[in-house]
Amino acid sequence: MTETGPTGNTAHGTTGSTAQGTARGTARGTVSGTVSIKIWSDYVCPFCMLAEGPLHEATHDLDTEIEWMPFELRPHPTPTLRPEDDYLPAIWARSVYPMARRMGVDITLPTISPQPYTRLAFEGHHYAAAHGRAAEYTPRILRAFFQENRDIGQLDVLTDIASELGLDTTGFTQALTTGTYTQTHQDALRTAQAHRITVVPTIIIGQHHRIEGVPTTAQIRKAVLDTQTEHAPTQDAPACGINGC
């Protein structure tokens with residue numbers, strides 16, 4: 001399994017039908033080609049970080065290509081949430097922390113107030129994708145916010161992460177300062193709109209399987225295997241036609 005770049009719900013995901021979906025690897029018993037998985041996320045959504053574990057557990061031995069896709073829950077100038085207000089501590093106590101404990105994930109409500117806008121971080125994602133580091137970038141940004149309490153809305157924080165990932169910091173800083181990937185990001189948001197994304201994480205597997213919210217490993221694996229079966233070539237069986245057998 002590998003990942004590429006372009007790139008909430010409070011309970012385990014719900015499944016449905018929709019459009020297409022991108023981690024690539026070797027499958028056991030694969031009957032068809034690589035299955036595309038797209039996962040829409042926002043860096044300030046804790047459920048997006050919790051979705052990463054089931055996603056990798058379900059697909060590590062399957063032929064899939066995972067693509068992390070951008071979605072801004074609160075784009076500028078919409079006010080972002082404040083951890084000192086009632087909502088965030090309540091939802092974390094009720095849903096995030098219990099789920100994280102069950103999954104064995106270390107995650108903490110960041111104290112940064114107000115929470116950062118994520119446009120700049122997503123433009124960094126597009127830079128990372130263009131330089132072959134998309135697979136590492138998204139999980140690293142999520143860890144920086146939810147495990148290290150870092151302000152991922154700040155250019156210096158993003159540049160430091162880019163350096164960790166082996167990206168050219170001068171090129172990264174210049175791209176984010178000059179808006180090199182602003183249009184790319186806007187196009188990605190229009191893609192989200194075209195797919196009717198309203199919650200994150202939203203996962204689209206193949207062309208017909210949609211999961212909204214944190215998925216279970218079984219949900220993802222079943223959707224991938226079903227997609228492989230759907231795409232398997234059919235073989236002609238012996239039969240008689242109107243012109244004879």
Side-chain angles (χ1 to χ4, degrees), residues 1-8 19-24 36-46 48-49 51-52 55 65-81 110 112 114-204:
M1 179 190 69
T2 62
E3 296 182 44
T4 65
T7 23
Q20 43 212 15
T22 179
R24 204 202 220 11
S36 173
I37 301 177
K38 293 183 184 289
I39 174 168
W40 275 266
S41 65
D42 194 359
Y43 297 133
V44 293
C45 169
C48 294
M49 182 171 173
E52 186 185 3
L55 185 66
E65 188 175 26
I66 297 172
E67 184 175 4
W68 290 88
M69 305 291 291
F71 182 80
E72 292 184 47
L73 288 165
R74 296 168 192 86
H76 187 271
T78 304
T80 61
L81 301 178
I112 298 155
Q115 289 194 331
Y117 291 107
T118 53
R119 176 193 60 79
L120 197 64
F122 277 125
E123 291 190 21
H125 163 79
H126 294 296
Y127 180 93
H131 294 80
R133 290 290 185 270
E136 298 89 351
Y137 184 88
T138 290
R140 185 65 189 93
I141 295 293
L142 289 168
R143 291 199 307 274
F145 189 55
F146 290 113
Q147 293 183 337
E148 300 168 8
N149 201 38
R150 300 172 74 180
D151 187 348
I152 57 172
Q154 297 299 315
L155 180 58
D156 61 336
V157 172
L158 298 175
T159 302
D160 184 55
I161 292 171
S163 177
E164 286 182 32
L165 299 179
L167 293 168
D168 175 55
T169 55
T170 300
F172 182 88
T173 302
Q174 182 177 13
L176 269 61
T177 301
T178 60
T180 301
Y181 292 95
T182 298
Q183 187 58 52
T184 302
H185 180 53
Q186 292 305 311
D187 291 343
L189 295 181
R190 279 190 285 273
T191 298
Q193 186 177 30
H195 284 82
R196 303 183 304 281
I197 306 300
T198 58
V199 300
V200 287
T202 292
I203 303 170
I204 294 180

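In what follows, residues are counted from 1 in the order of the sequence shown.
When atom types are taken as modelled, the side chain of Tyr117 and the backbone of Thr78 share a donor-acceptor pair closer than 3.5 angstrom. Side-chain atoms of Ser163 do not come within 3.5 Å of backbone N or O of Thr159 as any donor-acceptor pair. Between the side chain of His125 and the backbone N or O of Ala121, no donor-acceptor pair lies under 3.5 Å.
A 4.5 Å side-chain heavy-atom check between Met49 and Gln147 finds at least one atom pair inside the cut-off. Contact of the Arg150 side chain with the Asp160 side chain is registered, since non-hydrogen atoms from C-beta on lie closer than 4.5 Å. Using a 4.5 Å heavy-atom threshold, the side chains of Val44 and Pro116 count as touching. Using a 4.5 Å cut-off on side-chain heavy atoms (C-beta onward), Val157 and Phe145 make no contact. The shortest side-chain heavy-atom distance between Arg119 and His76 does not fall under the 4.5 Å cut-off. With contacts defined as side-chain heavy-atom distances shorter than 4.5 Å, the pair Leu158/Tyr137 qualifies.
Shown here for Leu142 and Cys45, the closest heavy-atom pair between the two residues is CD2-O, 4.4 Å. Between Leu120 and Gly153, the shortest heavy-atom distance links the atoms CD2-O, 4.0 Å. The minimum heavy-atom distance between Pro139 and Glu136, with the atom names listed, is CD-O, 3.5 Å.
Between the CG atom of Leu189 and the CD atom of Glu72 there is a distance of 5.0 Å, given to the nearest 0.5 Å. Remark: Ser41 OG to Ile141 CD1 distance equals 11.0 Å, nearest 0.5 Å. Atom OG1 of Thr118 is separated from atom CZ of Arg74 by 10.0 Å, given to the nearest 0.5 angstrom. We find the CG-CG distance between Leu73 and Asp42 to be 4.5 Å, quoted to the nearest 0.5 Å. Here Ile161 contributes atom CD1 and Glu148 contributes atom CD; the two are 7.0 Å apart, rounded to the nearest 0.5 Å. From Arg133, atom CZ reaches atom CZ of Arg140 across 14.5 Å, with rounding to the nearest 0.5 Å.
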(request) Give the intermediate values and the outcome of side chain to side chain contact (heavy atoms under 4.5 Å, CB included) for residues Phe172 and His131. (result) CA-CA 10 Å; Phe172 182 88; His131 294 80; over 6 Å; no
(request) May I have the step-by-step check of side chain to side chain contact (heavy atoms under 4.5 Å, CB included) for Asp168 and Tyr127, ending in yes or no? (result) CA-CA 10 Å; Asp168 175 55; Tyr127 180 93; 3.9 Å; yes
(request) Apply the test side chain to side chain contact (heavy atoms under 4.5 Å, CB included) to residues Ile204 and Trp40: give CA-CA distance (whole Å), side-chain angles for both, the deciding distance (0.1 Å), then the verdict. (result) CA-CA 9 Å; Ile204 294 180; Trp40 275 266; 3.6 Å; yes
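Between His126 and His185, the angle of the ring planes lies from 30° to 60°, which puts this pair in the tilted group.
The aromatic ring centres of Phe122 and Tyr43 sit less than 6.0 Å apart.
In the displayed structure, Gln193 atom CD is contacted under 6.0 Å by at most 12 heavy atoms of other residues, nucleotides or ligands.
Side-chain contact annotation: Gln174 with Thr180, donor-acceptor N/O pair under 3.5 Å absent.
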